[in-house]
Amino acid sequence: MNPPPGMERVLFTEEQVTQRIREVGVEISEKYRDRDLKLIGVLKGSVFFLTALARAIEIPVQIDFLAISSFGGQATGHVPGLVRIEKDLDDPIQDQDVLLVEDIVDTGFTARYLLRNLAGRGPRSLAICTLLDRTVRRIIQVPVEFRCFEIPDRFVVGCGLDYRQLYRNLGYIAVMHPGRG
Ligand code: IMP
Ligand code: MG
């Protein structure tokens, strides 16, 4: 696939992403050995990361998905923090060890909303695993147990992250020119 118009540079190559996901997969396998692990992906951004991560995890896992609409964040330029579940999980998570799998934790509004919502369903444990963490923009402090990469305050695409619904299918993470996010 050609680089997206408006791409400034590659931040992490496909090889770096694959390698790092493998490492985090091993970490998770060790932490959750002999437990009932369920990965919960947030559509659509985390699909690519979740499937790669699941393949890198060495213990059996269940997966489920939910979809949200968020009326905030860097992508829309609106007031952050308004999140709603558009498609819920298929199954209960009661007494399960749940890992919320995110493409990026940015301001933290989405993660806080989802953590609170899922916590109310009585999981045995609940933690976040994110591909990208942009702590420099954090407004809401949320615990991030597993993260692949910390990133600078720039708009990025690839590995599930989109610009106007495009470029999710890039195997690498790219920084866009200012004005493209
Ligand atoms: P939050 O600000 O932590 O609530 O994140 C909101 C959402 O904004 C994320 O789940 C992403 O879908 C989106 N987002 C934040 N930063 C970026 C980016 O750099 N590129 C693409 N999407 C982003
Ligand atoms: Mg997202």
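All residue numbers refer to positions in the sequence shown, counting from 1. Counting starts at 1 for both ligands and their atoms, following the listed order.
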Exercise for the section: Determine, using heavy atoms of Gly108 and all atoms of ligand 1, whether some pair is separated by less than 4.0 Å. Expected result: yes

**Message:** Check contact between Arg137 and ligand 1, using heavy atoms of the residue and a distance below 4.0 angstrom.
**Reply:** no

| said: Can you tell whether the side chains of Asp95 and Arg121 come within less than 4.0 Å, N to carboxylate O? | reply: no

Electrostatic pair Glu150:Arg134 at N-O distance under 4.0 angstrom: no

Given the side-chain rings of Phe12 and Phe149, with only the six-membered ring counted for Trp, is the space between their centroids under 6.0 Å? yes

Can I get a per-line list of side-chain donor-acceptor pairs under 3.5 Å for residues 51-58, giving both atom names and the distance, sequence neighbours left out?
residue: Thr51; atom: OG1; partner: Val47; partner atom: O; Å: 3.2
residue: Thr51; atom: OG1; partner: Phe48; partner atom: O; Å: 3.0

- Message: The test is salt bridge (Lys or Arg N to Asp or Glu O under 4.0 Å); show your working for Asp133 and Arg138 and say whether it passes.
- Response: CA-CA 9 Å; Asp133 195 353; Arg138 198 77 94 245; 2.6 Å; yes

Which of the atoms of ligand 1 are close to [X], meaning less than 4.0 Å from one of its heavy atoms?
X: Thr110; answer: 1 (P), 4 (O), 5 (O), 6 (C)
X: Ile104; answer: 9 (C), 10 (O), 11 (C), 14 (N), 15 (C), 16 (N)
X: Thr107; answer: 1 (P), 2 (O), 3 (O), 4 (O)

Hey, looking at [atom], which of [options] has the closest heavy atom?
atom: atom 3 (O) of ligand 1; options: Val83, Asp106, Val42; value: Asp106
atom: atom 17 (C) of ligand 1; options: Tyr113, Tyr167, Phe155; value: Phe155
atom: atom 23 (C) of ligand 1; options: Val105, Val157, Leu161, Asp162; value: Leu161

Acceptor/donor pairs from residues 32-43 side chains to any protein atom, 3.5 angstrom cut, sequence neighbours excluded:
residue: Arg35; atom: NE; partner: Asp97; partner atom: OD1; Å: 3.4
residue: Arg35; atom: NE; partner: Asp97; partner atom: OD2; Å: 3.1
residue: Arg35; atom: NH2; partner: Asp97; partner atom: OD1; Å: 3.0
residue: Lys38; atom: NZ; partner: Pro92; partner atom: O; Å: 3.3
residue: Lys38; atom: NZ; partner: Gln96; partner atom: OE1; Å: 3.1

